[in-house]
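Numbers here simply count residues along the sequence, with the first being 1.
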Amino acid sequence: MYVDEDTGDVWFQGEQVTDPQALAEVDGHSPIGPDEVVVKLPPVMKDIILEAINGTYERGRRGPGRHGE
């Protein structure tokens, strides 16, 4: 997850969902646009996302996963 400090845009990075059943379930709740993909994020990201939205995210903090490998 990355917050652009200039624009405030929130960028998500995660596993791209390709399973047709999962995509159909998501599409049933919120239609997936032709230029959109569904990205799966682990539950641990919830707090980090809320911090980004609230502006309390610690700059330079890294979430779980591989970094620089």
Side-chain angles (χ1 to χ4, degrees):
M1 196 213 75
Y2 168 75
V3 179
D4 186 313
E5 293 183 7
D6 294 329
T7 65
D9 288 340
V10 180
W11 297 74
F12 292 98
Q13 176 183 341
E15 178 185 343
Q16 182 176 350
V17 177
T18 58
D19 174 35
Q21 287 181 314
L23 291 172
E25 184 176 338
V26 171
D27 193 58
H29 295 280
S30 177
I32 302 168
D35 60 342
E36 296 178 331
V37 299
V38 175
V39 178
K40 179 179 173 182
L41 301 174
V44 70
M45 293 299 295
K46 289 179 191 176
D47 290 338
I48 294 170
I49 293 165
L50 290 173
E51 289 172 11
I53 292 168
N54 292 325
T56 58
Y57 184 76
E58 180 184 331
R59 182 182 170 106
R61 177 175 163 196
R62 292 180 172 228
R66 299 175 304 217
H67 301 284
E69 290 182 7

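Using a 4.5 Å cut-off between side-chain heavy atoms of Ile, Leu, Val, Met, Phe, Trp and Tyr, with links allowed through other members, Val39 and Ile49 fall into the same hydrophobic cluster. Residue Ile48 is grouped with residue Val10 when hydrophobic side chains (ILVMFWY) are merged at heavy-atom distances under 4.5 angstrom, including chains of intermediate members.
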Can you list, pair by pair, the side-chain donor-acceptor contacts under 3.5 Å of residues 28-35, counting residues two or more places apart and other chains?
none

Pairs of donor and acceptor atoms involving the side chains of residues 11-23, under 3.5 Å and at least two apart or interchain, shall be tabulated with distances.
from  : atom 1 : to    : atom 2 : distance (Å)
Asp19 : OD2    : Ala22 : N      : 3.3

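For Asp9, the side chain to side chain donor-acceptor pair (under 3.5 Å) criterion is met by Thr7, not counting sequence neighbours.
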